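In this text the structure is predicted, and so the values were computed from the model without any measurement. We're numbering straight along the sequence, starting at 1. Keep in mind that the numbers below use all heavy atoms, side chains included, and drop hydrogens, waters and symmetry copies.
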Amino acid sequence: LNLSYNNIEAAGIKDIASALFLNSTLTTLSLGGNNINSASVKCLAEVIYFNKTLRTLALDDNKIDAKGAKYLSDALLANKELTELDLRCNNIGSAGTIYFAEALLINTTLKQLLLGEKHVNEVLWKFFQQYLNYQHLSLIHI
């Protein structure tokens with residue numbers, strides 16, 4: 001389901017999160033370019049924690065910061081279904097990247113994590129290079 005660039009506001013994100021909670025068929029959701037902030041992403045993360053069908057979630061080109069990255073990375077600790085997560089063109093920073101690095105030590109389901117190159121310093125880049133050498137993650141765009 002592609003809902004990218006539809007000016008969906010906080011109330012709309014809450015409605016989408018409620019629908020995802022009841023979802024038993026939707027596997028792909030694109031919400032890029034909707035000015036989603038960390039407060040709104042918290043609603044989505046709470047659902048991702050329990051969702052059993054969503055495989056791909058695109059949240060690119062939004063306003064998600066490190067706090068939102070923390071909500072999503074915490075959800076990844078429990079979620080065993082999501083295989084692709086796109087967070088390019090957000091503002092998760094190095095702190096948000098570290099949250100995902102920690103979550104990926106436990107989550108072995110996520111195969112693609114797209115963060116965007118501006119979030120990663122040299123130390124984090126080396127960590128991900130080492131991580132890719134022996135873990136499940138097949139693609140990480142940093």
Side-chain angles (χ1 to χ4, degrees), residues 1-132 135-142:
L1 178 62
N2 187 350
L3 297 175
S4 296
Y5 300 95
N6 277 296
N7 296 316
I8 300 172
E9 297 184 6
I13 296 300
K14 286 183 181 181
D15 290 340
I16 290 168
S18 295
L20 281 175
F21 189 75
L22 301 172
N23 171 52
S24 62
T25 56
L26 187 68
T27 60
T28 301
L29 179 60
S30 297
L31 292 170
N34 281 300
N35 294 316
I36 296 170
N37 61 22
S38 292
S40 294
V41 89
K42 183 178 182 183
C43 297
L44 292 171
E46 289 169 353
V47 173
I48 291 167
Y49 192 89
F50 297 104
N51 186 279
K52 302 287 188 222
T53 57
L54 197 63
R55 303 286 186 269
T56 302
L57 178 60
L59 294 170
D60 53 304
D61 197 15
N62 279 294
K63 295 182 179 181
I64 301 167
D65 59 16
K67 191 176 200 179
K70 177 67 171 154
Y71 297 140
L72 289 168
S73 63
D74 285 349
L76 289 177
L77 295 175
N79 183 287
K80 303 298 182 217
E81 309 303 327
L82 199 65
T83 60
E84 298 176 31
L85 179 59
D86 185 351
L87 289 167
R88 291 174 295 170
C89 298
N90 279 285
N91 192 29
I92 65 168
S94 292
T97 303
I98 290 169
Y99 295 140
F100 285 110
E102 293 169 346
L104 291 173
L105 293 173
I106 295 168
N107 178 302
T108 58
T109 309
L110 195 70
K111 303 294 183 208
Q112 292 187 16
L113 175 62
L114 294 100
L115 296 177
E117 60 280 339
K118 70 178 182 178
H119 303 299
V120 182
N121 63 32
E122 189 174 329
V123 173
L124 287 174
W125 175 243
K126 286 180 181 179
F127 169 82
F128 277 115
Q129 282 180 317
Q130 290 175 346
Y131 185 77
L132 287 171
Q135 291 291 343
H136 63 281
L137 201 60
S138 62
L139 170 66
I140 185 160
H141 180 96
I142 47 181

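Of all heavy-atom pairs spanning Ala69 and Phe100, the tightest one is CB-CE1, 3.6 Å. Closest of all the heavy-atom pairs between Ala66 and Ala95 is CB-CB, 4.1 Å. When all heavy atoms of Ser73 and Tyr99 are compared, the closest pair comes out as OG-CB, 3.3 Å.
Considering CG of Leu72 and CG of Leu77, their distance stands at 11.5 Å, rounded to 0.5 Å. The distance from atom CG of Leu113 to atom OG1 of Thr83, rounded to the nearest 0.5 Å, is 11.5 Å. Taking CG from Leu54 and CG from Asn79, the interatomic distance works out to 8.0 Å, rounded to the nearest 0.5 Å. Taking CG from Asn35 and CG from Asp61, the interatomic distance works out to 8.0 Å, rounded to the nearest 0.5 Å. Atom CG of Leu110 and atom CD of Glu84 lie 8.5 Å apart (nearest 0.5 Å). Atom CD1 of Ile92 is separated from atom CG of Leu87 by 5.5 Å, given to the nearest 0.5 angstrom.
Among pairs with a residue in residues 10-31, those fulfilling side-chain hydrogen bond (donor to acceptor under 3.5 Å, both in side chains) read Asn23-Thr53, at least two apart in sequence or across chains. Residue pairs meeting the salt bridge (Lys or Arg N to Asp or Glu O under 4.0 Å) criterion with at least one member in residues 68-79, sequence neighbours excluded: Lys70-Asp74.
By the side-chain contact (heavy atoms from CB on, under 4.5 Å) test, Glu9 pairs with no residue at all, sequence neighbours left out. Evaluation of the side-chain contact (heavy atoms from CB on, under 4.5 Å) rule for Asn6 yields Leu3, Ile8, Asn34 as partners, not counting sequence neighbours. Contacts of Asp86 classified as salt bridge (Lys or Arg N to Asp or Glu O under 4.0 Å), with partners at least two apart in sequence or in another chain: Arg88.
At distances below 3.5 Å, at least one donor-acceptor pair connects side-chain atoms of Asn2 with backbone N or O atoms of Ser4. With hydrogens and angles ignored, the 3.5 Å screen pairs no side-chain donor or acceptor of Asn62 with any backbone N or O of Asn90.
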Under 3.5 Å, which donor-acceptor pairs link side chains of residues 36-46 to any protein atom two or more places apart or in another chain?
{"from": "Asn37", "atom 1": "OD1", "to": "Ala39", "atom 2": "N", "distance (Å)": "3.1"}
{"from": "Asn37", "atom 1": "OD1", "to": "Ser40", "atom 2": "N", "distance (Å)": "2.9"}
{"from": "Asn37", "atom 1": "OD1", "to": "Ser40", "atom 2": "OG", "distance (Å)": "3.4"}
{"from": "Ser38", "atom 1": "OG", "to": "Asp65", "atom 2": "N", "distance (Å)": "3.3"}
{"from": "Ser38", "atom 1": "OG", "to": "Asp65", "atom 2": "OD1", "distance (Å)": "2.3"}
{"from": "Ser38", "atom 1": "OG", "to": "Gly68", "atom 2": "N", "distance (Å)": "3.0"}

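Each of Leu31, Leu114, Leu29 was checked for a side chain to side chain contact (heavy atoms under 4.5 Å, CB included) with Leu59, and the lone residue meeting it is Leu31.
Around CZ of Phe21, the count of heavy atoms belonging to other residues, nucleotides or ligands within 6.0 Å does not exceed 12.
At a threshold of 4.0 Å, the pair Glu81-Arg55 counts as salt-bridged, since one of the basic side-chain nitrogens sits closer than that to a carboxylate oxygen.
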